[in-house]
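Encoded as structure tokens, the structure appears first; notes follow it.
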Amino acid sequence: MNYRAPRGTYDILPEDQAHWRHVTETTRRVCELFGYEQIDVPVFEQTGLFERSVGESTDIVEKEMYTFLDRNEERMTLRPEFTAGICRAYAERKLHGRPQPLRLFTIGPAFRYERPQAGRYRQFYQIDVEVLGSQDPAIDLEVMQVAWQIYEAVGIKNLSFQVNSTGCPVCRPGYVEKLRAWYADRLDGICADCARRYEQNPLRLLDCKKEACRAIADEAPRIADSLCDECRTHFDRLRSYLDDLGRPYEVNHRLVRGFDYYTKTVFEVWAEGIGAQNAVCGGGRYDGLIGMVGGPETPAIGFASGIERIILTMKQEGIEPPGVPKPRVFVAYLGAEAKSAAVVLAQELRAAGVGATALWEDRSLKAQMRQADRLGAAYTLIIGEEEVRNGVVMIRRMADSTQASVPRSEAVAAVKEGNTQ
RNA sequence: GUGGGCAUAGCUCAGUUGGUUAGAGCGCUAGACUGUGGCUCUGGAGGUCGCGGGUUCGAAUCCCGUUGCCCACCCCA
């Protein structure tokens, strides 16, 4: 084999498409049900956009971006996430001039240079939902509802909703200091990774997976107790809306997120049984980001959800997606003259909106029938020398193996309407 | 970047203490009164045993190296 798909990439083969379609079509339907409009932004952007938005010191920017110089020597990066591009579009296309808040969604690939693992790829697909131009906690709730409803409509059951507030520039620095001070006395009890987090990203201390570290993190001061009045009120309102909605969720004091731009609300959705990468969805509020990338100061919130992980969860739960359409008719022929007639017949079927295919390989009728069967065709139309001579076609209904000879001129209508007897 | 596991037909896997033309099931393909699918039967195609060295009369099997895949850490969807 000379070429192989790059590490961390994969092909979505025909037999995988039913799952993909089910997820993407369900997403569109639910988003539109909530009044969200689709937007598509470039797969690559100027590198600086991601450096500024995601955060210079994050792992993504430091070591996971696909960055290259284009032929004009400009630094470009394949998008590692969607929010930055959407905010850039919002500012650049003056979308703040439209009725606010602006509700948007998009679906597509993103890229991160990481070691592949279950549920993690270098090119991966996300559903992304964003609302720009509102700071009301009811919008936070709405965005979470969109996520919830997508999973529900897909058919997934066993998910857990995790919510927290990560504060804002007013209150978070104070909390981080408090956290560091608290950890300062406990540095010998934490793992090497946590020692590094203590220096570089103290909030991450809270979600270490190691038992010993978790025990310490459980006792650590909670951000909820350090929120400023505005953040506290916001979080309280959101929780009360969530309670009113009656959907189960969990306030997770250790929930922090990897991008620098998050403020106030953060949330994740976890699935069980799909491996270590169990976050099916992650998102939160980013009230400072749009201003940061050159737009007017605009509050916003959104989430991204990994399609591969959604599909893993579907399979885990045994959810069968609706099948993809199959050709309704298979045209079988015998002999050169009949082949010419079959070519025309197949085209007439398609022109009438009836899916039609054929082998076109001059194989035995038996081989053609076998193809028809495997392709799942409802009908096989058979044209041989005899049918050509008599101006008829044989219509065979595959399900019950009944067949009848029908005048050529009536064949298309008969198959279309299902009157073949 | 770190750690562990696995590499034999398209797929799932056998392959005995190193021994002759490397097997099975499924799939593909052809045929079984020459124009009929799903079942059955028979035949056929398809493998440099991941790759490169080494040991040996002889290596899929033993040794070394290397690459790839999978899983986990880190981080994240």
Side-chain angles (χ1 to χ4, degrees), chain A residues 1 4-10 13 15 23 54-55 57-65 79-83 107-129 147 191-194 196-197 200-201 204 207-210 213 256-259 267-271 274-283 302-313 330 332-335 338 359 361 363-388 394-403:
Chain A
M1 254 173 295
R4 48 177 74 245
R7 188 171 174 77
T9 69
Y10 57 94
L13 299 173
E15 62 267 30
V23 171
V54 174
S57 65
T58 58
D59 274 21
I60 287 182
V61 170
E62 279 183 352
K63 52 190 190 192
E64 296 177 1
M65 295 205 304
R79 62 186 178 200
E81 55 108 38
F82 289 75
T83 306
I107 300 173
F111 307 83
R112 289 180 205 167
Y113 189 89
E114 298 183 273
R115 284 287 284 270
Q117 195 181 321
R120 175 202 284 170
Y121 303 90
R122 289 184 173 181
Q123 174 173 342
F124 57 101
Y125 291 76
Q126 288 188 330
I127 293 160
D128 188 83
V129 173
C191 67
D193 284 326
C194 280
R196 185 176 48 76
R197 294 180 180 116
Q200 294 177 358
N201 193 352
R204 283 248 154 257
D207 72 342
C208 185
K209 287 177 181 170
K210 295 206 171 60
C213 297
V256 295
R257 302 205 26 86
F259 304 145
F267 65 96
E268 289 188 358
V269 180
W270 297 346
I274 61 169
Q277 307 306 312
N278 68 336
V280 159
C281 168
F303 70 82
S305 185
I307 296 182
E308 294 86 353
R309 294 181 190 179
I310 294 173
I311 290 174
L312 276 176
T313 308
F330 185 93
Y333 62 89
L334 288 158
L359 201 46
E361 284 277 335
R363 300 248 291 268
S364 68
L365 183 59
K366 188 187 192 66
Q368 296 185 69
M369 292 296 298
R370 196 162 52 234
Q371 279 277 330
D373 182 51
R374 278 180 304 201
L375 293 175
Y379 297 96
T380 300
L381 301 199
I382 303 165
I383 314 179
E385 307 298 341
E386 200 179 312
E387 284 77 11
V388 171
M394 191 67 81
I395 301 183
R396 182 179 180 85
R397 189 161 63 198
M398 300 302 279
D400 57 8
S401 303
T402 57
Q403 63 184 44

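Scope of the values below: all heavy atoms of this structure, side chains included, with no hydrogens, waters or symmetry mates. Below, chains carry the letters A, B, ... as their sequence lines are ordered, and counting in each starts from 1. The shown structure was predicted, so the numbers you read here are calculated from the model rather than taken from an experiment.
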Distance between P atoms of B:G50 and B:C13 (Å, rounded):
15 Å
Whole-Å P distance, B:C49 and B:U61
9 Å
Salt bridge check, A:D193 against A:R196: does any charged N sit closer than 4.0 Å to a carboxylate O?
yes
Atom pair distance, as rounded to whole Å: CZ in A:R370 and P in B:C28:
8 Å
Watson-Crick or G-U counterpart of B:A14, or none if no pair lies under 3.5 Å:
none
For the pair made of CZ in A:R396 and C1' in B:G38, what is the distance, rounded to whole Å?
10 Å
Checking base pairs now: Watson-Crick or wobble, both atom distances under 3.5 Å. What partners B:U66?
B:G50
Grab the NZ-C1' distance between A:K209 and B:U2 for me, whole Å please.
15 Å
Base, sugar-phosphate, or nothing: which does A:I307 touch, judged by heavy atoms less than 4.0 Å apart?
nothing
From the set B:C74, B:G35, B:G38, return the single nucleotide nearest to any side-chain atom of A:L365.
B:G35
When only distance counts, do a donor and an acceptor, one from the side chain of A:R115 and one from the base of B:U2, lie under 3.5 Å apart?
yes
Using a cut-off of less than 4.0 Å, is there contact between a side-chain N or O of A:R363 and OP1 or OP2 of B:U29?
yes
Return the nucleotide paired to B:U40: Watson-Crick means purine N1 to pyrimidine N3 with N6-O4 or O6-N4, wobble means G-U with N1-O2 and O6-N3, both under 3.5 Å.
B:A32
Counter-base of B:A72, judged by Watson-Crick or G-U geometry with both distances under 3.5 Å
B:U2
Protein-nucleotide distance (A:D128, atom CG; B:A77, atom P), rounded to Å
10 Å
Proximal nucleotide (of B:G35, B:A77, B:C28) relative to the A:E114 side chain
B:A77
Nearest heavy-atom neighbours spanning A:C213 and A:C191:
SG-N, 3.4 Å
Heavy atoms from C-beta onward define the side chain here; which of B:C73, B:C75, B:A30 lies closest to that of A:A367?
B:A30
Pair of N/O donor and acceptor under 3.5 Å linking B:C75 base with A:E64 side chain
no
Taking only the side-chain nitrogens and oxygens of A:S364, find out if one of them lies under 4.0 Å from OP1 or OP2 of B:G31.
yes
Is there a donor-acceptor pair closer than 3.5 Å between any side-chain N or O of A:R120 and the backbone N or O of A:R115?
yes
Suppose we call a contact any N or O donor and acceptor under 3.5 Å apart; does that hold for the side chain of A:R120 and the base of B:C75?
yes
Between the base of B:C74 and the side chain of A:Q117, is there a donor and acceptor pair under 3.5 angstrom?
yes
Identified pairing partner of B:A77, criterion: Watson-Crick or G-U wobble below 3.5 Å
none
Residue set satisfying side-chain hydrogen bond (donor to acceptor under 3.5 Å, both in side chains) with A:R79, at least two apart, ordered chain then number -> none
For A:G275, answer base if it contacts any base atom (sugar-phosphate contacts may also be present), sugar-phosphate if it contacts only those atoms, and nothing otherwise; contact means non-hydrogen atoms under 4.0 Å.
sugar-phosphate
Taking the C1' atom in each of B:C69 and B:U17, what is the distance between them to the nearest angstrom?
31 Å
Rounded distance in Å between the P positions of B:C26 and B:C41:
8 Å
Paired with B:A9: which nucleotide, if any, by Watson-Crick or G-U wobble criteria at under 3.5 Å for both distances?
none
Looking at every non-hydrogen atom in both residues, tell me the closest pair between A:M398 and A:A372 and how far apart they are.
CE-CB, 4.1 Å
Any idea how A:Y121 and A:Y10 line up, ring-wise: parallel (<30°), tilted (30 to 60°), or perpendicular (>60°)?
tilted
State whether A:R257 places a side-chain N or O below 4.0 Å from either non-bridging phosphate oxygen (OP1 or OP2) of B:C75.
no
Side-chain donor or acceptor of A:Q368 paired with backbone N/O of A:Y333 under 3.5 Å:
yes
What integer number of Å spans the C1' atoms of B:G52 and B:C11?
28 Å
Distance-only donor-acceptor test (3.5 Å): side chain A:E387, base B:G35
yes
Quick one: which of B:U29, B:C74, B:A77 gets closest to the side chain of A:F124?
B:A77
Would you mind classifying the nucleic acid contact of A:Y121 as base, sugar-phosphate or nothing, using non-hydrogen atoms under 4.0 angstrom?
base
Rounded distance in Å between the C1' positions of B:A77 and B:G25:
39 Å
Rounded to whole angstrom units, what separation is found between the CG atom of A:N278 and the C1' atom of B:A77?
11 Å
Base, sugar-phosphate, or nothing for A:A304, non-hydrogen atoms under 4.0 angstrom?
sugar-phosphate
Roughly how far apart, to the nearest Å, are B:A9 and B:G47 at atom P?
10 Å
Separation of B:A77 C1' from A:R112 CZ (nearest whole Å):
6 Å
Using a cut-off of strictly less than 4.0 Å, decide whether A:K63 has a side-chain nitrogen or oxygen near OP1 or OP2 of B:G1.
no
Both A:A399 and A:A279 contact RNA chain B. Which one's nearest nucleotide lies toward the 5' end?
A:A399
Gap between atoms CD and C1', on A:Q403 and B:U36 respectively (whole Å):
7 Å
Euclidean distance, atom NZ of residue A:K210 to atom C1' of B:U2 [Å, nearest integer]:
11 Å
Kindly say whether A:T380 contributes a backbone atom to a donor-acceptor pair with the side chain of A:R396 at under 3.5 angstrom?
no
If you measure from the P atom in B:G35 to the same atom in B:G43, how many Å do you get, rounded?
25 Å
Respond yes when some side-chain nitrogen or oxygen of A:Q277 is under 4.0 Å from OP1 or OP2 of B:C73, and no when none is.
yes
Atom CE of A:M394 and atom CG of A:L365: how far apart are they, to the nearest 0.5 Å?
10.0 Å
